[in-house]
Structures are given as C-alpha cells and as structure tokens.
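So the structure is just underneath, and the comments pick up after that.
Chain A is the first sequence line, chain B the second, and so forth, proteins listed ahead of strands; every chain is numbered from 1.
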There are 2 protein chains.
Amino acid sequence: MSIAEVSEKFNLSQDTLRYYERIGLIPPVHRNKSGIRSYTEEDCKWVDFIKCMRQGAGLPVEMLIEYVTLSRQGDNTLETRKGLLVEQRGRLAEKIEELTSTLLRLDDKIERYEQTILLKEKTLKQQPE
Amino acid sequence: MSIAEVSEKFNLSQDTLRYYERIGLIPPVHRNKSGIRSYTEEDCKWVDFIKCMRQGAGLPVEMLIEYVTLSRQGDNTLETRKGLLVEQRGRLAEKIEELTSTLLRLDDKIERYEQTILLKEKTLKQQPE
DNA sequence: TTACTACCTGAAGTTAACTCCAGGTCAAGG
DNA sequence: CCTTGACCTGGAGTTAACTTCAGGTAGTAA
C-alpha cells in the first residue's frame with residue numbers, strides 16, 4: 001500500500017505518517033527499490049494500533065516510542081512491554097472514571113439550567129409585556 | 001482567600017490562576033484596596049468549575065471562555081449557555097465511549113501477552129539451559 | 001529606615017505533537 | 001527528451017495551554 005492509501009484508510013495525513021515513523025512511533029516501513037514507502041499488512045497494523053492509542057486514548061508519544069522500541073528488540077522484552085500496557089491501562093481506567101464523574105456534574109448543571117429556564121418562563125407569563 | 005490559599009486548595013499554580021483570569025476563563029476576581037486578589041466564595045466556585053472542565057474533562061479553553069462571557073451577560077443568555085453545555089456533554093459522552101473501547105482493546109492485548117509469556121515459559125522448561 | 005515577603009503586570013519562553021515547506025528524485029505519459 | 005505528479009528529506013513553523021521572567025508595589029518586622 002502506498003502512503004497515500006494508508007493516509008486515506010486511517011485518516012492520518014501523509015506528514016503525520018512520516019512523522020510517526022521518523023520519531024520511532026511506528027517501526028520503519030518497507031520501501032521499494034527507489035526508496036518509496038510500501039506499507040505491508042504488518043505496517044498497517046502498527047499504524048492502526050498507534051492511531052488508536054494516540055488519538056483514541058491519548059497515551060503519550062514517549063511511552064509509545066518506548067513500547068515500539070522494545071517490540072523491535074524481541075522476546076526478552078515481553079514482560080516489560082506487558083508492564084507498560086498494564087500501567088497505561090490503569091491510567092486509562094482512571095481517566096474514564098474522571099470523565100464519567102465530570103459527565104455527571106455536567107448533567108447536574110444542565111438540569112439546573114432547565115429548572116431556571118422553566119421558572120423564568122413562568123414568571124414572564126405572569127407579567128406579560 | 002489569598003491567591004496562595006486558592007492555589008493550594010485547588011492545586012493550581014498562582015500563575016495558572018492569574019492566567020485563567022487574564023484570558024477570561026474565570027470572571028475578574030475581587031481585589032483589596034492595594035490591588036491584591038481576594039477570592040470570594042463565588043470566585044472559588046468558578047475556579048473549581050473551570051478546573052473540573054479543563055483538567056477533568058479537557059474541554060477547550062475557547063469554549064469555556066465563551067461560556068464565562070455569556071454568564072456575565074445575565075439571564076437572557078441562559079438558553080445559549082445551556083446549549084453549550086449540552087453540546088460539550090455530547091462530546092464528553094463520545095470521548096468516554098472511545099476510551100472505553102480502547103480500554104477493551106488494551107485488555108485484549110494484555111491478555112495475549114499473558115498467553116505468549118506462559119507459552120514461552122513452558123517451552124523453556126522443556127529445554128532447560 | 002531597611003529588609004523581607006507576597007503579590008502585581010505585560011511580555012517572552014516552553015512543551016508536545018504535529019504541520020508545512022523548499023528543494024530534490026524517480027517513473028510514466030506525450 | 002521533457003513534463004507531470006507522487007513521493008522523498010531535513011528543517012523550520014504552528015498551536016494550545018501554560019510557565020517563567022524582569023521589573024515594580026505594598027505591608028510588615030527588626
């Protein structure tokens with residue numbers, strides 16, 4: 001797959017794809033003889049995973065680079081990699097809790113707005129013009 | 001309450017508190033005769049709300065400034081303000097969904113790591129040293 | 001009076017994570 | 001052969017949201 005196709009497929013700009021590769025956020029992508037990127041299935045899986053973790057979960061780039069680097073070092077980094085994921089999973093769960101409680105707070109506030117607005121309408125009706 | 005106390009209470013730096021006020025993210029704080037901030041109960045409520053919406057929910061500063069500006073314009077902006085909140089509530093709910101599905105994906109990946117690690121250990125035992 | 005501390009302001013600096021750009025290569029079509 | 005279009009690189013520029021700084025004031029303690 002060309003970079004244009006991958007960009008289209010994952011809705012990431014070509015610049016972003018090259019940037020991710022440059023900083024090691026995805027492993028080096030396969031190239032053809034004239035140096036042009038040709039994404040394999042494997043490359044695409046990395047893009048998918050990284051997009052999900054970055055844009056979906058907002059995990060920090062630094063941590064993901066570390067993860068990718070470890071992945072490229074083979075099987076004796078399995079434990080470490082799992083550790084990283086477990087840690088981030090924890091963070092994510094916390095974040096979800098926080099967002100959920102903020103959601104409730106917003107709901108509360110919206111509810112109060114509704115009360116206030118209703119009250120105001122009633123008052124207005126009692127004093128037309 | 002002095003800015004130092006408010007900073008302590010909400011765990012926001014004094015600089016951040018002044019910054020929030022300067023850009024209109026919270027309404028102007030009450031001052032004493034020599035120009036020093038003295039936060040009222042009301043001021044603190046704003047700080048609390050804004051901290052929650054920014055750090056807790058990550059709502060954009062721009063939108064919050066608009067909300068605060070509207071609040072200071074009185075009752076005929078009630079509907080508009082409610083609209084803003086409802087919109088952000090929607091965004092937040094979406095975000096939570098996204099994070100939750102990413103969490104599941106992470107769980108899946110962690111599970112697979114466990115499998116792989118177990119498998120590797122077994123293999124090692126069969127071929128000691 | 002002098003020194004100290006907390007506070008003030010406007011402006012410049014920082015950080016993360018892209019995003020854009022200038023200048024260059026390469027293969028294909030006319 | 002020449003042009004066109006997709007792609008390449010290294011490096012500079014951008015954006016949001018703070019954070020730091022230089023230079024100044026005001027109240028208080030020795």
Side-chain angles (χ1 to χ4, degrees), chain A residues 1-40 43-44 46-47 49-69 88 91 95 98 102, chain B residues 1-40 43-44 46-47 49-69 88 91 95 98 102:
Chain A
M1 265 183 133
S2 73
I3 195 171
E5 287 164 330
V6 176
S7 164
E8 171 82 10
K9 177 167 179 181
F10 293 104
N11 202 31
L12 289 169
S13 78
Q14 300 188 19
D15 273 318
T16 299
L17 286 169
R18 283 190 282 256
Y19 166 71
Y20 279 179
E21 185 179 348
R22 190 164 27 163
I23 65 173
L25 198 44
I26 55 176
V29 169
H30 177 256
R31 310 286 184 116
N32 68 16
K33 58 272 177 197
S34 48
I36 289 182
R37 288 176 184 80
S38 171
Y39 290 75
T40 64
D43 294 328
C44 285
W46 272 110
V47 172
F49 175 67
I50 290 298
K51 178 184 174 171
C52 179
M53 295 303 142
R54 274 294 309 135
Q55 301 200 353
L59 303 194
V61 164
E62 280 252 340
M63 172 268 153
L64 290 170
I65 291 180
E66 193 182 347
Y67 178 80
V68 174
T69 307
Q88 295 302 321
R91 297 249 172 91
K95 190 72 194 171
E98 197 176 7
T102 303
Chain B
M1 265 184 133
S2 74
I3 194 170
E5 287 164 330
V6 176
S7 165
E8 171 82 10
K9 176 166 181 182
F10 294 104
N11 202 31
L12 288 170
S13 77
Q14 300 188 18
D15 275 317
T16 299
L17 285 169
R18 283 189 283 256
Y19 166 71
Y20 278 178
E21 184 178 348
R22 182 150 37 128
I23 65 173
L25 197 46
I26 55 175
V29 170
H30 177 256
R31 311 285 184 115
N32 67 17
K33 59 271 178 198
S34 49
I36 289 183
R37 288 175 183 80
S38 170
Y39 290 75
T40 64
D43 293 328
C44 285
W46 272 111
V47 172
F49 175 66
I50 289 299
K51 179 186 174 171
C52 179
M53 295 303 142
R54 275 293 310 135
Q55 301 200 354
L59 303 194
V61 164
E62 279 252 338
M63 173 267 152
L64 290 170
I65 290 179
E66 193 182 347
Y67 178 80
V68 174
T69 308
Q88 295 301 324
R91 297 251 171 90
K95 190 72 195 167
E98 198 177 7
T102 302

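- For D/dC18, the OP1/OP2 oxygens have no side-chain nitrogen or oxygen of B/Ser13 closer than 4.0 Å.
- Between the C1' atom of D/dT9 and the OH atom of A/Tyr19 lies a distance of 16 Å, rounded to the nearest Å.
- For residues 51-66 of chain A, no pair satisfies salt bridge (charged side-chain N to carboxylate O under 4.0 Å, His left out), with sequence neighbours left out.
- Residues A/Ser2 and B/Gln55 each lie close to DNA chain D; by heavy-atom proximity, the contact nearer the 5' end of the strand is made by A/Ser2.
- Screening A/Val29, A/Ile26, A/Thr40 for a side-chain contact (heavy atoms from CB on, under 4.5 Å) with A/Trp46, the sole residue that qualifies is A/Ile26.
- Relative to the side chain of B/Thr16, the nucleotides D/dT19, C/dC21, C/dC18 differ in distance, and D/dT19 lies closest.
- For D/dA17, the OP1/OP2 oxygens have a side-chain nitrogen or oxygen of B/Arg54 closer than 4.0 Å.
- Heavy-atom minimum distance, B/Leu12 versus B/Ser7: O-OG, 2.7 Å.
- One atom, CG of A/Leu59, and another, P of C/dA17, lie 11 Å apart when rounded to the nearest Å.
- The phosphate of C/dC7 has neither OP1 nor OP2 within less than 4.0 Å of any side-chain N or O from B/Ser34.
- Atom pair B/Ile36:CD1 and C/dT9:P shows a separation of 10 Å (rounding to whole Å applied).
- Considering only side-chain atoms of A/Ile3, the nucleotide from D/dC7, D/dC18, C/dC7 that sits closest is D/dC7.
- Under 4.0 angstrom from either OP1 or OP2 of C/dC18 there lies at least one side-chain N or O belonging to A/Tyr20.
- Residue-level contact check: A/Gln14 touches the backbone only, with heavy atoms under 4.0 Å from sugar-phosphate atoms and none from bases.
- Note on A/Arg18: a base of the nucleic acid sits closer than 4.0 angstrom, heavy atoms only.
- In this structure, A/Glu21 and A/Pro28 approach most closely via the heavy-atom pair OE2-CA, 3.6 Å.
- Residues A/His30 and A/Asp43 come closest through the heavy atom pair N-OD2, 3.4 Å.
- Put simply, A/Arg31 has a side-chain N or O that comes within less than 4.0 Å of OP1 or OP2 on D/dT9.
- Here A/Arg37 reaches the OP1 or OP2 of D/dT9: one of its side-chain N or O atoms lies under 4.0 Å away.
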